[in-house]
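First comes the structure, then the notes that go with it.
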Amino acid sequence: MMKVVGGPYDSVEVEKKVSLWWNQNRIFQKMVESKKGAELFRFLEGPPTVNGFMHVGHARGRAMKDVVLRYKTMAGYDVWRRAGWDCQGLPVELEVEKKFGISSKKEIEEKIGLQKFVEECQKLVDFYLNHWRNNSERLGLWLDYDLAYETRKRDYIEFVWWALKEADKKGLLTEDFKVVPRCPRCETSLSSHEVAQGYATTTDPSIYVKFPIQGKENEFIIIWTTTPWTLPGDEAVSIHPRNNYTKVSVRNEVWILAEQLVERVMKDLKVNQYKVIDVFPGKKLEGTKYIHPLLEEVPAQSEHKGKFDHAIICGEHVTLEEGTGCVHTAPAHGPEDFEIGKKYSLPIFCPVSGDGHFTSEGGKYAGLFVKESDSKIIADLEKKGLLLKASTLEHEYPFCWRCNTPLIYLADKQWFLKVESVKKRILEENKATSWVPDWAGSSRFEDWLANSGDWCISRSRVWGSPLPVWICQKCGNKHVVGTLKELTKEAKTLPENLDLHRPWIDEVVFKCGKCGEDMRRVEYVLDCWLDSGVAHSASIDYLKDKRLFEILYPYDFITEAIDQTRGWFYSLVFTGVILFDNSPYKRVLCQGLMLDRYGQKMSKSKGNVIWASEAMEKIGADPLRVYILWKSSPWDSLSFDYDETEQVKRWLSILWNIFSFATTYMNLDEFNPNELQIEKIKEHLRPEDRWLLSRTQSLVKNVTANLDALYLNQAIRDILTFITEDLSRFYIRLIRRRTWVEKKDPDKQAVYATLYESLSTILRILAPFAPYVSEELYQALVRSNDSNAPESVHMAVWPRAKDEWIDDELEANMALINDMLEKVYTSRQRAKLKLRWPVQTLYVSPLEEKVKRAVEALKEIFLDQANAKTLEILEAGEIPTSVNVRVDLNFQEAGPQFKEKIPEISSLIRKVDGRVVKQEVFKNGKYFLTLRNKEIVELSPNLLVFKEELPENLTASESSYSKIYLDITRTPELLAESLAKEVLRRAQIMRKEMNLKVDEYVDVAIKVLEDETLGTLQTVKNFLATEIRAQKLSILQKDLELSGEAYVKEWEIDGETITICITRLNKID
RNA sequence: GGGCCGGUAGCUCAGUUUGGUUAGAGCACACGGCUGAUAACCGUGCGGUCGGGAGUCCAAAUCUCCUCCGGCCCA
């Protein structure tokens, strides 16, 4: 027996029920089992950082993953879908710091202790990991969670080490300087993210300094700076190669600066008399040497004698918005300075230590805090006559977000993976990768790759994979550890039960192979992007057993948000090429970002974040998924708006109601889908049935193609349109009457077979998008009848489109019929004719031949839906005989052509029967008129105007395909039928209000006031009795005798009061 | 400053690859209708300088150039 889908659609309720059922019956495991041995589809899960909660943006990416994986599974693949979690990194540390009420690395070491701190990080990760797994499962994302990989696990870290050792063998692991923003008080470096949140307005010195040009008397290059303390570290002056520079004569001196800035600088320096003596492009200055302005104060500078040390160099980064266009360059104190310094092989001279004090290399300033040195340096410059002006400036400068200390940029030793030698391979591999959308790979990612520099992989933090590098304290010998085995075998001291994290790993000491001294670990941890970047192999036990690697690598598919261009997409391809010389992924779906309803980025500080758990509780996982997938292309940004999810819920409700309708009647009629397949009842299929079957197959075809192309929104949109337009709006409405027929009528059986076929197909293609509701409906419609059917819709086979069922002509004809029906409704509305009132005749005047064929083929549907008795199909361009057609000239067009002949032509053409002219014009494209002087005039359609004069009983409307005339004459028979339908409708409302079963019989009495009404109703008594399911039907003029079970209601119909009384026959149980 | 994405009705989006009839949907709003699957649904109406400017072309939302606004990434 068909299980009936009842009640209104309650997504949350359905999902609770289904997920319980899934768990109890181990459906996920069974699904996985059932695909063992099939062709593999290899998916690599990008591990979410398990820090913080899952928001709807995360849910979006996870919904996309799930759609693809479920689809591929149903399509017959054995899908590799191991879950993974990114556990380490700064965000976890920051949250733990907050928990302890501290805010710097220094405090971790001094107040908490590394061990306690790391243990707390582990606990926090446990907490969030649990949250993420629960919410992912609630969302319906089916991954293999039990075997999930975690970047904090021993085996995982071991692989990261192995990868670094491989990189080292290839000469790609190096130590180098990097300029990083640093808080001198917390003694820690800050990430760019941290820097961004600490900008504030502050007052700093603003000084102009003259740098004497070597070998020239009184010639200077003029620079401007707000950080005098960086002058001891100055190594060069940068100028823009393509901007013009000038030599300006001031008093007895020559100054060099950018042409464009001369006026402004002179004004600022209060120099009134000057003369520009030369103008030339900056490039010409390259290599010009100057004397370091603090050479005497900072003796270490005199050792810098390279080709470009203390020289003018060229840099595209030089702007002409402030200063002099000549930029003092200290490679150790600015990222841009550092970059250009490397290009010109300048020394990375950093006379400042991590706490912001000058070291002994700072000469005269040794021991001074940088900010305190500013005034001393200014005074020294003044003394030497090199200072042009010292004032102050208000500007934006970054401060430490924790302690509000101004940040300083310092060069620091860090570890890098070198990119140069592998870049070509990475670019090649990226070209071979399939990106959706294409531009994400071919433009955006390629641009990033082409411009990427060496990857700084070291972090001066605690909670991360430790850098596996040990350095000899004496001779500087370097030892990179690649495996645990190597560690345990070769270490000189090894703590018991070694945890690979800090602080335990820091206790491991090696003996130097060269000099025998102790080797200690370099106290860095690794960038967490390196952790996730090796997920391609670290997640599958590569070091222990390569079998999985051999079948999985490279993976078929990954999908993450567009911001992973610089993150995971990059770290994957980088490590893949380094280790295995190819990219770990073949295809990428790039996801857009999730914004709030106003298009603003969601952020905690704005307070506009929508958590996934909240959304799922509020609207349910299915509606959330469908909404997210439906609203925009996967790669476009999406503004999340709760109000809009209502629409999606309504659509799913329609689906639910369709099933409610279908299962109710199928159950009532004991329809058995297994006995009655389409093939068996083929000859009873009506055109609308064949149409629905055709539409269903077309839909399957489109959805499959869109899923293959990863146009997920197109796929779900097509499904939703089919459900609302084709099924609900059209087919169900059309076949409703056929389901009311008693007994096992083949015409009704055809409806059921058709509906069953279509609905069971829809469920399967909807399953990846809305897994819960699809399951619930599948269990009711399919599984309740067929114990041989797959246990779950997610174990069912993806439908293959049956081309032989697709009838393009039928679909096109039906579209034409619908177009015409719209016009009928328009006409009815104009004539104030309710659709419930039948009309006698409908004339169709097709404008194209195909319309005629469509109407002929689907005449019955057309009449039925239009509620008309007879249909007259006219020839193309023909007009019903009762319509008078008048023809006249289009004077605007005809005037210039015929000029003085116009009056005659006009009077002649008016006398002709317009119908004849119109038909002639329609057939031949022209009409010939003979004038009194025998001249023959050719009239083309654009010269003529036709005016139809409709008789009172006709109303007309026109579409691009046809013209429709409706005969609205109301005969007594039509009036009787109209009245019957009015009464019927009200009786049906009453039945519903009485909560009668659909097929329950009743007694009915109808009281009318007018004799005429009584007579009219008598003529349709049988019709009424059948439709209301009245065992006894009486139509009276006297008062009704009421029994206790009777339900009575008075109605106003066309100004007359009609009382309907319905009596229940069966007792209520 | 560079790269990429987007800008179409009050709102959310199609359409742009490949130029071609009157630029389409849904929501919202107004009016009307339908209803024994329906807290549903249907019709009609209202609503458009296709961000702006210039160009190419018989023809531009669509191609080219410039420009403005928003977003992401990089400097």
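Reminder, nothing fancy here: chain letters follow the sequence lines and each chain counts from 1.
- Under the Watson-Crick and G-U wobble criteria, each requiring two contacts below 3.5 Å, nucleotide A54(B) is paired to U64(B).
- Using C1' as the reference atom, U67(B) and A28(B) are 34 Å apart when rounded to the nearest Å.
- Across the protein-nucleic acid pair, Ile716(A) atom CD1 and C13(B) atom C1' stand 16 Å apart, rounded to whole Å.
- In this structure, the separation between CG on Leu727(A) and OG1 on Thr721(A) is 11.5 Å, given to the nearest 0.5 Å.
- Picking from G3(B), A40(B), A37(B) the nucleotide with the shortest atom distance to the side chain of Arg650(A) gives A40(B).
- Of the listed nucleotides (G3(B), A37(B), C5(B)), C5(B) has the atom at the smallest distance from the side chain of Asp636(A).
- Comparing the same atom, C1', in U8(B) and in U49(B) gives a spacing of 12 Å after rounding to whole Å.
- Side-chain proximity of Ser443(A) to C4(B), C72(B), U38(B): nearest is C4(B).
- Comparing A14(B), U35(B), A40(B) by their closest approach to the side chain of Arg717(A) singles out A14(B).
- The distance from atom CZ of Arg985(A) to atom P of C34(B) is 6 Å, rounded to the nearest whole Å.
- Ser760(A) places a side-chain heavy atom less than 4.5 Å from the side chain of Leu781(A).
- Between C13(B) and G7(B), the two C1' atoms lie 13 Å apart (nearest whole Å).
- Across all strands shown, the partner of C13(B) is G24(B), judged by Watson-Crick or G-U wobble contacts whose two distances both fall under 3.5 Å.
- U16(B) and U62(B): their C1' atoms are spaced 4 Å apart (whole Å).
- Within the nucleic acid shown, Gln647(A) comes within 4.0 Å of sugar-phosphate atoms alone, with no base atom in reach, counting heavy atoms only.
- In this structure, C29(B) forms a base pair with G45(B), meeting either the Watson-Crick or the G-U wobble geometry with both donor-acceptor distances under 3.5 Å.
- OP1 or OP2 of A14(B) sits under 4.0 Å from a side-chain N or O of Ser633(A).
- Between Val5(A) and Leu777(A), some side-chain heavy-atom pair lies under the 4.5 Å cut-off.
- G51(B) and C69(B) have their P atoms separated by 16 Å, with the value rounded to a whole Å.
- Comparing Trp656(A) and Arg444(A), the nucleotide of RNA chain B nearest to each residue sits closer to the 5' end for Trp656(A).
- Between U18(B) and C65(B), the two P atoms lie 15 Å apart (nearest whole Å).
- Annotation: A9(B) and G15(B) have their P atoms spaced 15 Å apart (nearest Å).
- Rounded to an integer number of Å, the gap from Arg738(A) CZ to A37(B) P is 15 Å.
- In this structure, Trp635(A) and Leu710(A) approach most closely via the heavy-atom pair CZ3-O, 4.2 Å.
- Remark: Lys178(A) is not positioned above the aromatic ring of Phe416(A), lacking an NZ or CZ atom under 6.0 angstrom from the ring centre and at most 45 degrees off the axis.
- Straight-line distance from the CG atom of Asn713(A) to the C1' atom of G26(B): 14 Å, rounded to whole Å.
- For the pair Leu449(A) CG and C4(B) P, the computed distance is 15 Å after rounding to whole Å.
- Tyr665(A) comes within 4.0 angstrom of sugar-phosphate atoms only, judged by non-hydrogen atoms across all strands, and of no base.
- Between Arg736(A) and U35(B), a side-chain N or O to OP1/OP2 separation shorter than 4.0 Å is absent.
- If you take CZ of Phe671(A) and C1' of A37(B), they are 17 Å apart, rounded to a whole angstrom.
- Look at G6(B): its Watson-Crick or wobble partner, with both distances under 3.5 angstrom, is C69(B).
- The distance between the ring centers of Trp435(A) and Phe569(A) falls below 6.0 angstrom.
- Nearer the 5' end of RNA chain B, as judged by each residue's closest nucleotide, is the contact made by Ser632(A), out of Leu593(A) and Ser632(A).
- At a cut-off of 3.5 angstrom, counting only N and O atoms as typed in the model, there is a donor on one side and an acceptor on the other between the side-chain of Ser728(A) and the base of A37(B).
- Of the listed nucleotides (C41(B), C13(B), U38(B)), U38(B) has the atom at the smallest distance from the side chain of Asn657(A).
- Distances were taken from every side-chain heavy atom of Asp447(A) (C-beta onward) to each of A40(B), C4(B), G3(B); the shortest belongs to G3(B).
- Checking U38(B) for Watson-Crick or G-U wobble geometry (two distances, each under 3.5 Å) identifies no partner in any strand.
- Listed here is the closest heavy atom pair of Ala866(A) and Leu821(A): N-CD2, 3.7 Å.
- When distances run from any side-chain atom of Trp651(A) to the nucleotides A37(B), G26(B), A14(B), the shortest one goes to G26(B).
- Atom CZ of Arg733(A) and atom C1' of A37(B) are 14 Å apart (whole Å).
- Taking the six-membered ring wherever Trp is involved, the centroid distance between the rings of Tyr752(A) and Tyr756(A) does not fall below 6.0 Å.
- Between U17(B) and U64(B), the distance separating the two P atoms is 9 Å to the nearest Å.
- Separating the OH atom of Tyr409(A) from the C1' atom of A75(B) is a distance of 12 Å, rounded to the nearest angstrom.
- Remark: G1(B) base-pairs with C74(B); criterion is Watson-Crick or G-U wobble with both hydrogen-bond distances under 3.5 Å.
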